[in-house]
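Only one structure is covered here, and it is reproduced in the block below.
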Number of protein chains: 2
Amino acid sequence: VREFAALETVFRHNGRLPSFVTIPPGDDMAEVALGDGPAAPRVLVAADQVIEGRHVRLGEDLALIARKAVARNVSDVAAMAARPFATVATVVLRPTSSDHDARELLEALRASADIFGCPLVGGDLATHADPKAPIVVSVTILARPAHASGRVVTRRGSREGDGIYVTGTIGGSLDADGRGRHLTFEPRVTEALELHDLLGSSLHAMIDVSDGIGQDTAHLARNAERGDTTFALECDRIPITPGRDPSKALGDGEDYELLFTADREPPSRLSSGTPVTRIGRVERRSSDGLLVALETRHAVIDIANLGWEYGR
Amino acid sequence: VREFAALETVFRHNGRLPSFVTIPPGDDMAEVALGDGPAAPRVLVAADQVIEGRHVRLGEDLALIARKAVARNVSDVAAMAARPFATVATVVLRPTSSDHDARELLEALRASADIFGCPLVGGDLATHADPKAPIVVSVTILARPAHASGRVVTRRGSREGDGIYVTGTIGGSLDADGRGRHLTFEPRVTEALELHDLLGSSLHAMIDVSDGIGQDTAHLARNAERGDTTFALECDRIPITPGRDPSKALGDGEDYELLFTADREPPSRLSSGTPVTRIGRVERRSSDGLLVALETRHAVIDIANLGWEYGR
């Protein structure tokens, strides 16, 4: 299954979405307005899941599965520069799972959601018929615009001349044993809010790095203000997680860092201590130009499809 | 896993839920307020799932799986007398599922959500690692209060002297071949809104019949205004789906009809043609009384635990 393509196709059928859908499917979150007019309050919503054997190894610690399911969604909120406020979750356990297992997983969902400021307010717990079927945790998160203007930051709107920036470091999310930072990352909510406060409307577009920096830059590039730009990344500038092979790091994915474009320079370090690095620029595309170009010392490489595909 | 017990336990830890959670977990939907004060707009949210082999037979038609996943959630909206307005969904397919399968399921999710007035605005599609793992569809629904007062109807607040009513008929949701009304039911949204319009605050409490009329009456009984009431159902009055064995019908579950208590008599038929039947009353509990009592010609039976348990 080509997952992304299938979703894209279906959402395209949504041509006649009602006007209260103020940010349609295709961004990190959708936004809906409660009522008419520009002053109507808005709610953002997104859903994401963690599947045992796919997003985490089989038999992974239940509390880490739960945390990841919540944190992935919180990272989507960060990507919009919004503020999380509530979650619901559905869980499928094995028929052989004990009551203790159920409580451990649910309690970790509740506690994680609480820590990220979006209390778990509902959900469903069920068991598979098949004793070997994998655990699935699906979380939906609700968020609200955080900026005084009511603005949130989408994937749309990068412009020629913008700098391309990333928070933190890239690579090393997944250890050889299947664990690593993908289970313990801190979603960049406060960093996103600070960037939006500092840069305002100069913060043009943002995404969280989940698929990999190549693919996620391509998401921004496809949503640039004009269709004739190249997102050029300078390989030497991309901050690599210490100890991680740079040639692999770019394809790792699941960094859950913020990737954004802006026409004003952000500080090189945010209040939380998280570094911000300029890694490239948006430029006019040459006739033979690429959507996303990685500039190394020796060559320019097309990395629009570089990233992590589950089940690869 | 005792699913309900596990959820209850965990939500009890939510003792310090923030005040913006205006209807806490434990009802058909939770409600959150966007801002402070009684005039702050409110959003209702619920999540429910359909698991192949559990809620539908293995190999069930993908479009019917999708429809059921949406309709179950819409039925929760009906139970609150609220109005659905948006959905998000996560889907896990098999690695062997084709692109055509993915599109068929997603398109059915989109179309079903559209028909019920709650467009699909986001979600995620992924595949299992295990080729035999079952399909899981999780849907989250957002709704808004529909009544001019902003009031929604919860499971709480039934009173001694109330009549107990049900829409439609009970029983026969599941055919011998695993199909039947549980795949095709019409959630009672318009019926719920009409009842709320007609009865106003006399409509004390409501739930949709998903677990079975015994268990769902018990949910209302446990949330009655006072703890010393019995919900007495008269067996002969319960409208049974034609052709269905009455002795089995009461335990079927998945009727997705409205069950409610009121201290004013509703019409016996609503604008949609759906019948409303008085099936019992809330009375003061005698010293040896039951929570939910089914009165037959020969005996009074405790049916607080009667209903459908998946995997029974």
Side-chain angles (χ1 to χ4, degrees), chain A residues 1-3 5-7 9-10 13-14 17-18 20-21 24-25 29-30 32 34-35 41 43 45-49 51 53-54 85-86 88-90 92-93 95 97-99 101-103 106-107 110 119-130 132-134 136 138 140 142 144 310-311, chain B residues 1-3 5-7 9-10 13-14 17-18 20-21 24-25 29-30 32 34-35 41 43 45-49 51 53-54 85-86 88-90 92-93 95 97-99 101-103 106-107 110 119-130 132-134 136 138 140 142 144 310-311:
Chain A
V1 171
R2 284 165 299 172
E3 300 165 2
L7 274 172
T9 304
V10 166
H13 292 189
N14 257 338
L17 271 177
F20 67 77
V21 182
M29 305 187 78
V32 290
L34 304 181
V43 174
V45 58
D48 213 343
Q49 55 191 343
I51 304 162
R54 179 54 44 121
F85 80 95
V88 292
T90 61
V92 199
L93 292 174
S97 300
S98 65
D99 282 0
D101 292 341
R103 292 220 172 85
L106 290 173
E107 174 56 24
R110 191 202 64 74
L120 184 69
V121 297
D124 184 63
L125 171 67
T127 51
H128 282 295
D130 175 355
K132 287 187 189 156
V136 179
S138 172
T140 296
L142 303 183
R144 297 180 61 190
Y310 295 107
Chain B
V1 172
R2 284 165 299 172
E3 300 166 1
L7 274 172
T9 304
V10 166
H13 290 189
N14 256 338
L17 273 176
F20 67 78
V21 183
M29 305 187 78
V32 290
L34 305 181
V43 175
V45 59
D48 213 343
Q49 55 191 345
I51 304 161
R54 178 54 42 119
F85 80 95
V88 294
T90 61
V92 199
L93 291 174
S97 301
S98 66
D99 281 359
D101 292 341
R103 291 219 174 84
L106 290 173
E107 174 55 24
R110 191 202 64 74
L120 185 69
V121 297
D124 185 63
L125 171 67
T127 51
H128 282 295
D130 175 355
K132 287 187 188 156
V136 179
S138 172
T140 296
L142 303 183
R144 296 181 62 190
Y310 297 109

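Chain naming here is simple, since letters A, B, ... match the order of the sequence lines and numbering starts at 1 in each. No hydrogens, no waters, no symmetry mates; every other heavy atom, side chains included, goes into these values.
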- [ ] Locate the shortest heavy-atom distance separating A/Gly122 from B/Pro25; write the atom from each residue and the value.
- [x] N-CG, 4.4 Å

Open item on the list: Which residues pass the side chain to side chain contact (heavy atoms under 4.5 Å, CB included) test with A/Asp124, not counting sequence neighbours?
Closed with: A/Thr90, A/Ala126, B/Asp48, B/Gln49

Task: Test side-chain contact (heavy atoms from CB on, under 4.5 Å) applied to A/Val45 and B/Val121, step by step - done: CA-CA 8 Å; A/Val45 58; B/Val121 297; 3.9 Å; yes

Task: Contact summary for A/Ala86 and B/Val32, nearest pair of heavy atoms - done: CB-CG1, 4.4 Å

Task: Considering all heavy atoms, the nearest B/Ala47-A/Val88 contact - done: CB-CG2, 3.7 Å

Open item on the list: If I measure from the heavy atoms of chain A, does B/Phe20 come under 4.5 Å with its side chain, its backbone, both, or neither?
Closed with: side chain

Task: Closest approach of A/Gly53 to B/Ala129 (non-hydrogen atoms, all atoms of both residues) - done: O-CB, 3.2 Å

Task: Heavy-atom contact with chain A under 4.5 Å, split by part of B/Leu34 - done: both

Task: Distance (rounded to the nearest 0.5 Å) between B/His128 NE2 and A/Ile51 CD1 - done: 6.0 Å

- [ ] Determine the option with the most heavy-atom pairs under 4.5 angstrom with chain A, choosing from B/Pro18, B/Pro134, B/Ala30, B/Gly35.
- [x] B/Pro134

- [ ] Could you have a look at B/Val43, B/Val136, B/Val92, B/Val21 and say which one has the most heavy-atom pairs with chain A under 4.5 angstrom?
- [x] B/Val92

